[in-house]
Amino acid sequence: MEDKAKKLKEIAEKIKNCKKCELWKNRTNAVPGEGNPNAKIMFIGEAPGRNEDLYGIPFCGRAGAVLDDLLSEIGLKREDVFITNVVKCRPPGNRDPTPEEIAACSPYLDEQIKVINPKIIVTLGNYATSYILSKFGFKAENISKVRGKVFKVTTLLTTLKIIPTYHPATSLYRPPLREYLKEDFKIIARELEET
Ligand code: URA
Ligand code: SF4
């Protein structure tokens, strides 16, 4: 098996056996994330919901259907990208993840980012956005302020672009946000083309 795929599988195994925070107690399945190990672009959500917990697959419910549509509008398929969450087990009743849960779980996301080494990270919603912006040394601001902006992290070897947008689930109860998501995905497509 290819090196990146093997490493991602090892991380997924650790997640499936993880008991580092209380969320393991209620999970049906942990949801490590999935997609192309060589993806240039990663999408990061908040935490699994009910469907994701049942099937162990990220974004496989209603929010996932919105995400699939947005991807296809810019010519991308799930197989082209890597999709995961900040927190890998479902918070009961879909409550927000706590700071302790995020602190316990985020090292897995850090490892996944390191292995995949994407050119673009798209953060979906406030939790992923504040985690990723802070991790890379930016000020974490509300999603409504930073959506569609491109944050560049330049190292000696490469440039990583962070692009925050709304969580696809928010467009289910606030339909006008769907237009903003579409706009932001056009920016994502443009930036991907440039890399
Ligand atoms: N919402 C998320 O943040 N992640 C999922 O995987 C599904 C819904
Ligand atoms: Fe482990 Fe993360 Fe699941 Fe908590 S949410 S038990 S830290 S995998």
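As the structure lists them, so they are numbered: ligands from 1, and atoms in each ligand from 1. The first residue in the sequence is number 1, and the count goes up from there.
The backbone N or O of Glu46 sits less than 3.5 Å from a side-chain atom of Asn85, completing a donor-acceptor pair.
Among all non-hydrogen protein atoms, the one lying nearest atom 1 (N) of ligand 1 is His167 NE2, 3.2 Å. At the shortest separation from atom 4 (N) of ligand 1 among protein heavy atoms lies Asn85 OD1, 2.7 Å.
The neighbour count for Arg174 CZ, taken as heavy atoms of other residues, nucleotides or ligands under 6.0 Å away, does not exceed 12.
Distances shorter than 4.0 angstrom do not occur between any heavy atom of Glu22 and any atom of ligand 2. Ligand 1 has Ala47 within reach: a non-hydrogen atom of the residue lies less than 4.0 Å from it.
Near Pro58, meaning under 4.0 Å from one of its heavy atoms, ligand 1 places the atoms 6 (O). Near Gly45, the atoms of ligand 1 lying under 4.0 angstrom from a non-hydrogen atom of the residue are 3 (O). Atom numbering of ligand 2 starts at 1 in the shown order; those under 4.0 Å from a heavy atom of Arg27 are 3 (Fe), 6 (S). Remark: ligand 1 atoms within the under-4.0 Å shell around heavy atoms of Glu46 are 2 (C), 3 (O).
Side chains of Tyr55 and Asn29: a donor-acceptor N/O pair is absent below 3.5 angstrom, by distance only.
Counting only heavy atoms from C-beta outward, the side chains of Leu23 and Pro92 approach each other to under 4.5 Å. A heavy-atom distance below 4.5 Å is found between the side chains of Leu109 and Ile132. Using a 4.5 Å heavy-atom threshold, the side chains of Lys114 and Lys7 count as separate.
Glu22 is linked by a side-chain contact (heavy atoms from CB on, under 4.5 Å) to Lys25, counting only residues two or more places apart in sequence or in another chain.
Around atom 1 (Fe) of ligand 2, protein N, O or S atoms at less than 2.8 Å number 1.
Of the charged side-chain nitrogens involved, none lies within less than 4.0 Å of a carboxylate oxygen, so that Asp184 and Lys149 do not count as a salt-bridged pair.
Using cut-offs of 30° and 60° on the angle between ring planes, the pair Tyr180 and Tyr166 is tilted.
Just one of Lys186, Lys161, Lys152, Lys119 meets the salt bridge (charged side-chain N to carboxylate O under 4.0 Å, His left out) condition when paired with Glu191; it is Lys161.
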